[in-house]
Engineer: 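This is the structure, below, for whatever I ask next.
It should be emphasised that the depicted structure is a prediction, and the values quoted were computed from it without experimental measurement.
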Amino acid sequence: AQKITQTQPGMFVQEKEAVTLDCTYDTSDPSYGLFWYKQPSSGEMIFLIYQGSYDQQNATEGRYSLNFQKARKSANLVISASQLGDSAMYFCAMRKDNAGNMLTFGGGTRLMVKP
Amino acid sequence: GAGVSQTPSNKVTEKGKYVELRCDPISGHTALYWYRQSLGQGPEFLIYFQGTGAADDSGLPNDRFFAVRPEGSVSTLKIQRTERGDSAMYLCASSKTGLGKLFFGSGTQLSVL
């Protein structure tokens, strides 16, 4: 079975600074994908970034980067130059390849950006 | 529409009643997913459709929950004899195939009184 753990229930960051949101996972599958989603108060889950288990380089998407450490089974999200609009819930999720697109989500981290 | 549409956005019902939640995926997306998100938790998988058929319904909690997608586009999640524990946000998502990026709707907040 797959499991995603996000150990930080809440995080504060000063506007314009960088912040790292932690995510560790547990799986016995050799091929899998890791995702980060943002959920603002409106409720919609917004895709941020994806990392495949065989990708050699860490994924980047604009201000978002994923610090993928396969041996440690961690996939931390780094947000650079935080903005007030980044305040939201952030979820790490994992997909087992060749099993449809079903995602297993972590419990989430609430990020609050201070002006 | 441009995104995944879910209706209603809010549903309040009484214990024991029947409810239907609707999801209209992005046009052309063959894969459709239902998730349930309890307060303060991450979403939990319920069921996955590929076309008209349920490819995986292992996440449905019990036989009070049922979902259909008769024409391979709109899906309806049906809950019979609702219980207070069914209160949650029900999220729908779609993807172009079974592997592409998931696009989520804004959800239906179900409250069972």
Engineer: Which answer fits B:Phe103, side chain, backbone, both or neither, if we ask what part of it has an atom under 4.5 Å from a heavy atom of chain A?
Structural biologist: neither

Engineer: Could you tell me whether A:Leu84 atom CG has more than 12 heavy atoms of other residues or ligands within 6.0 Å of it?
Structural biologist: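 Yes - once you tally the heavy atoms of other residues, nucleotides and ligands closer than 6.0 Å, there are more than 12.
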
Engineer: Quick check: are there more than 12 heavy atoms from other residues, nucleotides or ligands sitting under 6.0 Å from NZ of B:Lys15?
Structural biologist: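 Open: at most 12 neighbouring heavy atoms sit under 6.0 Å from NZ of B:Lys15.
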
Engineer: Can you tell if the side chain of A:Phe35 reaches within under 4.5 Å of the side chain of B:Leu102, non-hydrogen atoms only?
Structural biologist: no

Engineer: Non-hydrogen atoms of chain B under 4.5 Å away: do they reach the side chain of A:Gln6, the backbone, both or neither?
Structural biologist: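 Neither; nothing under 4.5 Å.
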
Engineer: Where do B:Lys101 and A:Phe47 come nearest, in terms of heavy atoms and distance?
Structural biologist: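 Heavy-atom minimum between the residues: CD-CD2, 3.0 Å.
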
Engineer: Determine the minimum heavy-atom distance between A:Leu103 and B:Phe45, stating which atoms define it.
Structural biologist: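 Nearest heavy atoms, A:Leu103 then B:Phe45: O-CB, 4.3 Å.
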
Engineer: For the hydrophobic clusters of this structure (ILVMFWY residues joined by side-chain heavy atoms under 4.5 Å, transitively), does one cluster hold both A:Trp36 and A:Val113?
Structural biologist: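 Yes; tracing contacts between hydrophobic side chains, which count when under 4.5 Å, links both residues.
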
Engineer: Is it the backbone or the side chain of B:Gln37 that comes under 4.5 Å from a heavy atom of chain A, or both, or neither?
Structural biologist: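 The answer is the side chain of B:Gln37.
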
Engineer: Kindly work out whether a path of hydrophobic side-chain contacts (I/L/V/M/F/W/Y, heavy atoms less than 4.5 Å apart) joins A:Leu77 to A:Val13.
Structural biologist: yes

Engineer: Consider only side-chain heavy atoms of I, L, V, M, F, W and Y, link residues closer than 4.5 Å, and tell whether A:Leu111 and A:Met45 are in one cluster.
Structural biologist: no

Engineer: Which bit of A:Tyr50 is near chain B, if near means a heavy-atom gap under 4.5 Å: side chain, backbone, both or neither?
Structural biologist: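 Contact with chain B is absent: no heavy atom of A:Tyr50 under 4.5 Å.
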
Engineer: Considering all heavy atoms of both residues, which atom of B:Tyr48 and which atom of A:Met102 are nearest to each other, and what is their separation?
Structural biologist: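 Shortest heavy-atom separation between B:Tyr48 and A:Met102 comes out as CD2-SD, 3.5 Å.
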
Engineer: Look at the side-chain heavy atoms of Ile, Leu, Val, Met, Phe, Trp and Tyr, link any pair under 4.5 Å apart, and say whether A:Ile4 and B:Phe104 land in one connected group.
Structural biologist: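 No; tracing contacts between hydrophobic side chains, which count when under 4.5 Å, never links both residues.
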
Engineer: Tell me, side chain or backbone of A:Ile46 under 4.5 Å from chain B's heavy atoms, or both, or neither?
Structural biologist: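 For A:Ile46, there is no contact with chain B at all, as no heavy atom is under 4.5 Å.
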
Engineer: Would you compute the distance between atom OG of B:Ser106 and atom CD of A:Gln39 and round it to the nearest 0.5 angstrom?
Structural biologist: 9.5 Å

Engineer: In the single-linkage hydrophobic clustering (I, L, V, M, F, W, Y; side-chain heavy atoms under 4.5 Å), do B:Leu32 and B:Leu77 co-cluster?
Structural biologist: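 Shared cluster, yes.
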
